[in-house]
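Sequence lines set the chain letters: A, B, ... in the order given, protein chains first and strands last, and positions in each chain run from 1. Bear in mind the structure is a predicted one, so any value in this text is a computation, not a measurement.
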Amino acid sequence: MMAVAEVIVDVPTMQTNRPFEYEIPDSLVEVVIPGVRVEVGFGKGKRKVQGFVMEVRDHSDFTGKLKPIERVIDVKPVLSQEMIKLSYWLADTTYAFQISCLQTMLPNVMRAKYKQFVVASEGFENDADVKKLLDNQLTLEITKDTEEQTLRKIAKLKRAHKIDIEYVVENQANSLTRQVITTDLNTDQLLEAKDKLRSNAKAQHNLVDFLLSHHDDLPIEVSNLENQFKITRATLKTAEKNNLLKFIEITKRRKPVGINPERTSNLELTEEQSTAVKDISDSIVDDKSDTFLIEGVTGSGKTEVYLQSIQKALEQGKTALMLVPEISLTPQMVNRVIGRFGDQVAVLHSGLSSGERYDEWSRIENGSVKVVVGARSAVFAPLDNIGLIIIDEEHEASYKQDDNPRYHARDVAKWRSDYNNCPLVLGSATPSLESRARAQKGVYKLINMTKRINNHALPHVQIVDMRNAENSAVKGDFSPLLQDNLWRVLKRKEQAIVLLNRRGYSSFLMCRECGFVLKCPNCDVSLTYHKNLGKMKCHYCGHEENVPHICPNCKSKKIGFYGTGTENIEKQLNEIYPDARVLRMDVDTTRRKGSHAALIEKFSKHEADILLGTQMIAKGLDFPNVTLVGVINADTTLSISDYRASERTFQLLTQVSGRAGRAEKEGHVIIQTYNPDHYAIKDAAMQDYETFYKQEMYLRHQSGYTPYYFTTLISVSHQIESQALKQSFWLKKQLQTALSDKAILLGPSPTMIARKQNKYFYQIIVKYKHEPKLHEKLMEILNDTQGEARRGFSIAIDNEPQHID
DNA sequence: AGCACGCCGACT
DNA sequence: GTCGGCGTGCTC
């Protein structure tokens, strides 16, 4: 009997997108188990790659000779059975390679780094050519910087079998350990020991004094002692010999959660809240995988419902997972969860370094954490025995990953909820149409929360018609009504939020003389300015260049930044209200790590009167002193060519309005728009989701979009534009043969950014209700176009895209 | 992806 | 003749 492992290898191509079988050597039988990473030989040469063991069997049907597993990387599986199963489902539904799915599910440090070294073949150690190539060293590393000439020489010597290439698979994931010191002696014993020290042993005396005064702080990190207290390692070593202290290695948690917020306990619930908690709790207790949709107006206390439901899961000895959009992962939110559950909580946000992220992953994986809060990718948190999954602000587009694997966290959460037999709770003031429609059909259980806590009135919303000359002509972008109300807020020493609704939020360079815009040579996009680099950069291909001071087109000096507009609005605010403290929050001011949180902190301490910003200020923030919200231009998101434009506009306006008057004080919202009669704007002003929902559903029905139809977006790209177009017509024809005549095929049409990294993009949209053959056909197409892929042709499939552009 | 094999044109 | 270009098939 032979032990065989099914391994997914780290080679992301269509042809290798299946398990390969490897022999498990006797010495490794005990350790090669599903979920561990292994190092295996792959291909004809001596190439080595990392792989994931999916399954272990006792025989193989493979007719050839099996290669052995060379090394086991993990002592303990990094993938649970749940994650292994999930990866199959994920690969299938997103059309992504399974290896990509596995890597997405794990912290980045688990991704192998590959290195190649040139070494002399046996017997050629003294060969003149070899010696010259290696420059008398034993090895030569081949990197991406290795010159073309050298590569040629390497190829030549290799053909002559004078050299070999050695492959090294590096594992980046090792939890850092740190050295700490502690002592078994109590203070009396230390004093006693101090007396015994030689009087000239000054450093030792100081050290003992230090230990006495910091006795309660022990253990203390050695690096801290060296840096902060200037105690050398030599001193410590001597003290160790004298049995004054001892060294211990502990696994370092790179990111200790900041200052612990004050512990809170359950708040008293309103009737609506307690019904919600009860319904969810019942599902937790009964191990039912129900999906709840909480449709709750801003300020209705959804968070408390989440917290008490989590509490229930913990009481049942289970764990809980809570997803929030990255942007609402602010200290405000995080503190509320940590405040309730203390160090049982792990927080996964984009601010973590990859090492920190790995540490948090380990804490979750080894069971020391019961609650996980995080953004999209936290849906893969290695929690065991999940009792509850929550997705806050479930309508947020950021829950969908926009590169491979293009998964939606909501779908993954649903899968895990089914696997764990636990409820999934979706919460929003403005649910996505598809979720709300599912609730309508009874697929989800709808929980309506219509009352604000303490019966706070909803903010008073006014729409300003900017087509009216009186409003727009006065002073820049501020209507008299908005100006007036800002004055009042300032006079009352309250705070205001001003939202500039912009879709693109990067600053590009434009000549005011001739209109020239600095563009990327490889992509059809304008370059954006990166403050920290001091250079112009392309978002799509990474191309960089210096900032020109004269216009390359007309030689004028009037070339400058044309940004989000926030700077311009800031200038206007400063002119109208010279005494007001304005805080600008946009990509430029939040680029540095932590600056986003710092600005929020500053505003919540009332160190500024007006918070000015884009989308990012609309979400999840709670400032009790804010009584006015002004929206400069509500329309911009309406005019985009996406069928979700109205939905997005409605959501944004409703949410930003909810920022006003969250405490005792009444809130006031002023929305400036050129489309005052548009239903998305009117309904947002009324904070009337249900009316909006009905209207939007009607329109979606008319135009045949989600949730009435499923959509799949297929984009085709090629170096040569005509080829891209030709292939996309071929693809459309392929689809037509497989699909029923009820399916609607749109396109091919060029994408909004028609060229990226010197490739031309066309897209086809498939709208359908029931096409059982579509999935199979798309898989077939992916397989068939393999050969073409070599010639720069590629296909990307996006199931249920969030935006079509 | 990355390697070997194999088939063609232009050079020590 | 053979070196090295690229197109093709395959990887347990």
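- Other residues, nucleotides and ligands contribute more than 12 heavy atoms inside 6.0 Å of the CZ atom of Phe117(A).
- Between the OH atom of Tyr167(A) and the P atom of dA1(B) there is a distance of 15 Å, rounded to whole Å.
- The side chain of Lys46(A) places no N or O atom within less than 4.0 Å of a non-bridging phosphate oxygen (OP1 or OP2) of dG2(B).
- The NZ atom of Lys48(A) sits 15 Å away from the C1' atom of dC3(B) (whole-angstrom rounding).
- Gln15(A) comes within 4.0 angstrom of a base, heavy atoms only.
- Between Arg363(A) and Glu360(A), at least one side-chain nitrogen of the basic residue sits less than 4.0 Å from a carboxylate oxygen of the acidic one, meeting the salt-bridge criterion.
- Distances were taken from every side-chain heavy atom of Phe20(A) (C-beta onward) to each of dC12(C), dA1(B), dG4(C); the shortest belongs to dC12(C).
- In the set dG5(C), dA1(B), dT11(C), the nucleotide with an atom closest to the side chain of Arg47(A) is dA1(B).
- Atoms NZ (Lys158(A)) and C1' (dC3(B)) sit 7 Å apart, rounded to a whole Å.
- Distances shorter than 4.0 Å separate none of the side-chain N or O atoms of Arg57(A) from OP1 or OP2 on dC12(C).
- Of the listed nucleotides (dT11(C), dC12(C), dG2(B)), dG2(B) has the atom at the smallest distance from the side chain of Gln116(A).
- If you take OH of Tyr114(A) and C1' of dG2(B), they are 12 Å apart, rounded to a whole angstrom.
- Among the heavy atoms of the strands lying under 4.0 Å from Tyr22(A) are primed sugar atoms or P, OP1, OP2 only; no base atom is included.
- Rounded to a whole Å, the CG atom of Asn17(A) is 13 Å from the P atom of dA1(B).
- Using a 4.0 Å heavy-atom distance criterion, Arg18(A) is classed as a base contact.
- In this structure, Arg644(A) contributes its side chain and Gln802(A) its backbone to a donor-acceptor pair below 3.5 Å.
- Of the candidate nucleotides dT8(C), dG4(C), dG2(B), dT8(C) has the atom lying nearest to any side-chain atom of Arg791(A).
- If you take CD of Glu23(A) and C1' of dC12(C), they are 11 Å apart, rounded to a whole angstrom.
- Within the 4.0 Å cut-off from OP1 or OP2 of dT11(C), not a single side-chain nitrogen or oxygen of Lys44(A) is found.
- At distances below 3.5 Å, at least one donor-acceptor pair connects side-chain atoms of Asp642(A) with backbone N or O atoms of Ile804(A).
- Between the C1' atom of dC6(C) and the CZ atom of Arg152(A) lies a distance of 14 Å, rounded to the nearest Å.
- Here the nucleotide nearest the side chain of Thr16(A), chosen from dC3(B), dG4(C), dT11(C), is dT11(C).
- Out of dG2(B), dA1(B), dC12(C), the shortest distance to the side chain of Thr13(A) is found at dA1(B).
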Might you work through the salt bridge (Lys or Arg N to Asp or Glu O under 4.0 Å) test for Glu780(A) and Lys777(A), ending with a clear yes or no? CA-CA 5 Å; Glu780(A) 188 191 314; Lys777(A) 186 68 190 175; 3.3 Å; yes
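- Put simply, NE2 on His161(A) is 10 Å from C1' on dA4(B), counting in whole angstrom units.
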